[in-house]
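It should be emphasised that the depicted structure is a prediction, and the values quoted were computed from it without experimental measurement.
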Amino acid sequence: MQQNDALVVPFFKTVAIEDAIASKREGRPIFKDQEVVEIRIAGERNFSPVYPAHSMWKRVEGEELTYADRWPEAYARFKQGQEQVAHGTPLSELPFLTEARRQELRMLKVYTAEALASLDGKNLSNLGPQGREMKDQAAAYLERARGVAQDIALKAEVEELKAKLAEMTAQKAPEPDQDEREALKAQIAEKTGARPRGNPSVETLRSMLADLEA
């Protein structure tokens, strides 16, 4: 049965395993390092299967995918010596949990709000009598967070549309002094028989007209 990804946290590490063939050949214990992944399942007290990191997880369209392929980000953090963290919203962000309750949840391999909200059945019952209440509170928290995110995205979209509309309006709107410029050109044309060439400024046109009227 495929696990809900929110309930599963991979933890890669290196362990020493005995090389049976080399030990038999040398007549003494011979060990070698092997990269493995410990799969921590939210709500499971005693079940954390461990597999070689480069053993086959499953086959997709004829291609073998390893556990390292299944969780590339976690494996990359392991290889870089970085802390391996659960993907999701940390329990520290849930205001309805006390620090003691958070620690209890971590001991049951529940590290995120998403994992807590996804628990069901036996794994949920392992949280004790308040398990259902905590699950519902986590689900409500995530739903509110999604609503806030949608509101922020909507507001950003509205502001972007407003900015584009203002830009389009500014491009289409005539210059504030366009009407006066046209009137000045018409007056100069009446006195000289020709409209000024180009697009002189209002100040220049005023000066030209003043000279003509002097």
Side-chain angles (χ1 to χ4, degrees), residues 4-10 12 42 60-61 63 65 68-99 101-102 105 110-119 133-214:
N4 181 333
D5 285 344
L7 298 174
V8 178
V9 177
F12 289 92
V60 178
E61 297 181 352
E63 181 181 357
L65 297 182
D69 294 327
R70 181 183 182 186
W71 293 294
E73 293 183 6
Y75 182 70
R77 294 181 68 86
F78 158 67
K79 294 298 288 184
Q80 294 166 9
Q82 299 178 3
E83 181 183 5
Q84 298 179 62
V85 296
H87 180 72
T89 306
L91 297 179
S92 58
E93 296 297 316
L94 300 182
F96 56 86
L97 293 177
T98 65
E99 192 54 43
R101 182 65 73 183
R102 294 188 185 105
L105 290 170
V110 179
Y111 304 106
T112 66
E114 289 80 359
L116 180 56
S118 299
L119 283 173
E133 180 182 357
M134 289 190 294
K135 169 188 168 74
D136 292 343
Q137 287 178 305
Y141 173 89
L142 293 172
E143 186 63 29
R144 287 195 300 272
R146 280 190 289 269
V148 170
Q150 290 173 354
D151 287 344
I152 292 175
L154 181 59
K155 288 179 181 178
E157 185 177 351
V158 169
E159 291 302 320
E160 183 180 358
L161 290 173
K162 285 182 178 178
K164 289 182 178 179
L165 181 60
E167 182 180 354
M168 292 172 61
T169 302
Q171 291 175 350
K172 293 180 179 180
E175 296 181 18
D177 56 359
Q178 186 64 29
D179 291 341
E180 183 180 357
R181 179 183 284 112
E182 291 301 319
L184 289 169
K185 286 183 177 181
Q187 293 179 55
I188 293 172
E190 286 181 3
K191 294 182 179 297
T192 63
R195 289 171 64 87
R197 294 183 178 181
N199 192 32
S201 68
V202 169
E203 289 75 12
T204 299
L205 292 170
R206 287 172 180 169
S207 178
M208 292 172 62
L209 184 59
D211 291 342
L212 292 172
E213 293 177 340

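Here the CZ-CD distance, from Arg102 to Glu93, works out to 8.5 Å after rounding to the nearest 0.5 Å.
A heavy-atom distance below 4.5 Å is not found between the side chains of Val9 and Val85. Two residues are said to be in side-chain contact when any heavy atoms from C-beta on lie closer than 4.5 Å; Glu180 and Leu184 meet this criterion. A 4.5 Å side-chain heavy-atom check between His87 and Thr112 finds every atom pair outside the cut-off. Residues Leu94 and Gln137 fail the side-chain proximity criterion, which asks for heavy atoms closer than 4.5 Å.
Across every non-hydrogen atom of Ala6 and Ala115, the tightest pair is O-CB, 3.2 Å. Of all the heavy atoms in Leu91 and Ala113, the pair that sits closest is CD2-N, 4.1 Å. When all heavy atoms are compared, the tightest approach of Lys135 to Leu119 is NZ-O, 2.7 Å. In terms of heavy atoms, Ala138 sits closest to Phe96 at N-CZ, 3.6 Å. Here the closest non-hydrogen pair linking Val8 and Pro10 is O-CD, 4.0 Å.
Environment of CD in Glu157: sparse, with no more than 12 heavy atoms of neighbouring residues, nucleotides or ligands closer than 6.0 Å. At most 12 non-hydrogen atoms from other residues, nucleotides or ligands lie less than 6.0 angstrom from CZ of Arg197.
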Using side chain to side chain donor-acceptor pair (under 3.5 Å), reason through Ser207 and Thr204 one step at a time and then give a plain yes or no. CA-CA 5 Å; Ser207 178; Thr204 299; over 6 Å; no

Show your reasoning for whether salt bridge (Lys or Arg N to Asp or Glu O under 4.0 Å) applies to Lys164 and Glu167. CA-CA 5 Å; Lys164 289 182 178 179; Glu167 182 180 354; over 6 Å; no

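Scanning for ring-ring contact (aromatic ring centres under 6.0 Å, His included) contacts around Tyr141 gives an empty result, with sequence neighbours left out. Lys185 is linked by a side-chain contact (heavy atoms from CB on, under 4.5 Å) to Arg181, Glu182, Arg195, Pro196, Asn199, Pro200, Leu205, counting only residues two or more places apart in sequence or in another chain. Every residue two or more places apart in sequence or in another chain that forms a side-chain contact (heavy atoms from CB on, under 4.5 Å) with Glu63 is listed here: Leu65.
With Val158 as reference, Lys162 is the one residue of Lys155, Glu160, Lys162 to meet the side chain to side chain contact (heavy atoms under 4.5 Å, CB included) rule.
Side-chain N or O atoms of Ser118 include one that pairs as donor or acceptor with a backbone N or O of Glu114 at under 3.5 Å. Formation of a donor-acceptor pair under 3.5 Å by the Gln84 side chain with backbone atoms of Arg77 is not found in this model.
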